[in-house]
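Comments concern the structure below.
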Amino acid sequence: MTTTAQEVDARGLNCPLPILRARKALNGLQQGQLLQVRATDPGAVKDFDAFCKQTGNELVSSSQTGGEYIFQIRKN
Amino acid sequence: MSNTAKVISSAQFPSDMLTQYGPALDAWFDQRFIQKTKELEESKIPALAIIATKGTMDWAYPPFILASTASALGWDVSVFFTFYGLELLKKELHLEVSPLGNPGMPMKMPFGPKWFKGINWNIPNAVMASVPGFEKIATGLMKKTVKNNGVATIDELREACIESGVNLVACQMTVDLFGYTHADFIPEVKDWIGAATFLPIAQKSDVCLFI
């Protein structure tokens with residue numbers, strides 16, 4: 001069980017803002033720390049998958065509750 | 001006589017040695033080659049080079065979205081602003097959108113009930129051209145639509161590019177051509193260059209886009 005080091009509220013924001021906000025937040029984290037992003041943009045699901053693959057950060061979970069998407073990313 | 005290292009050709013090996021070790025050497029080389037290529041690919045930082053040539057609000061989005069996103073992915077990004085693209089680097093952005101000569105652009109209202117928003121106002125070009133201030137109205141509606149949909153403003157995206165270290169370079173010839181001065185533009189413009197300086201940047205990029 002790891003606690004979230006930081007949360008980013010990207011609800012209501014559209015491509016590419018959720019990714020840009022997440023990048024910024026990740027820059028401030030240390031390796032191994034967990035970032036949680038909440039978004040409402042359906043395009044964010046594929047984008048966060050691609051973002052994590054490309055940047056080598058771990059997409060711990062990608063889930064949907066109601067109209068919201070929650071992504072947990074571990075900084076690598 | 002040359003002192004450089006000799007390249008040994010297979011003809012110099014005794015044929016029995018080649019028969020004995022050749023296939024193993026080949027297999028070793030193939031394996032090392034694949035491994036080394038993979039290592040090189042993984043350690044390589046991808047580079048994006050964009051040529052931004054348009055100065056309207058709609059055409060300002062692609063270069064700034066792609067540049068800021070590529071930068072977030074850890075890519076090395078350069079954007080070369082030329083001709084009307086220089087408008088995107090002005091200190092104060094006054095970008096407009098024109099439905100004239102742009103039949104692909106939907107004309108929709110950003111307010112009212114959903115059914116009303118969904119209507120595409122099919123206004124003939126001749127009408128748009130003769131109504132004074134039509135572009136101002138279209139620009140206002142577009143800005144409202146952008147805001148309603150949580151899409152970033154051009155200012156925000158440009159700021160994101162600057163913050164993440166995107167290399168913004170601009171065409172000196174355009175500055176002279178249109179009678180601009182460097183003071184008209186944001187100080188974050190890294191360099192004022194010409195085609196001969198940009199092309200080597202483009203050559204080394206993995207992705208190069210003309211927008």
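Naming convention: chains lettered A, B, ... in sequence-line order (proteins, then strands); numbering from 1 in each chain.
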Ranking P46(B), A72(B), S71(B), S68(B) by heavy-atom pairs under 4.5 Å to chain A gives rank one to A72(B)
NZ (K147(B)) with more than 12 external heavy atoms under 6.0 Å: no
Would you indicate whether K143(B), at its atom NZ, is surrounded by more than 12 heavy atoms from other residues, nucleotides or ligands within a distance under 6.0 Å? no
*Around atom CD of Q64(A), are there more than 12 heavy atoms of other residues, nucleotides or ligands at under 6.0 Å?*
yes
**OP:** Mark yes when over 12 heavy atoms from residues, nucleotides or ligands other than I45(B) sit less than 6.0 Å from its CD1; otherwise mark no.
**Re:** no
For residues 8-17 of chain A against chain B, heavy atoms under 4.5 Å, the residues are G12(A), L13(A), N14(A), P16(A), L17(A)
Most contact-rich option vs chain A, by heavy-atom pairs under 4.5 angstrom, among G150(B), S164(B), A152(B), is G150(B)
Those residues of residues 20-30 of chain A that come under 4.5 Å of chain B on a heavy-atom basis, listed by number, are L20(A), R21(A), R23(A), K24(A)
By residue number, those in residues 51-63 of chain A with heavy atoms under 4.5 Å from heavy atoms of chain B are F51(A), Q54(A), T55(A)
Tell me, yes or no, whether the heavy-atom count around K144(B) atom NZ, taken from other residues, nucleotides or ligands under 6.0 Å, exceeds 12.
-> no
Got a sec: does the CZ of F178(B) have more than 12 other heavy atoms crowding it under 6.0 Å?
yes
So ring pair (Phe, Tyr, Trp, His ring centres under 6.0 Å) across residues 35-61 of chain B, not counting sequence neighbours, yields none
From the list L73(B), L157(B), V151(B), the residue making the most non-hydrogen contacts under 4.5 Å with chain A is L73(B)
Are there over 12 heavy-atom neighbours, none belonging to K44(B), within less than 6.0 Å of that residue's NZ? yes
With a sphere of 6.0 Å drawn around CD of E39(B), does it hold more than 12 non-hydrogen atoms of other residues, nucleotides or ligands? yes
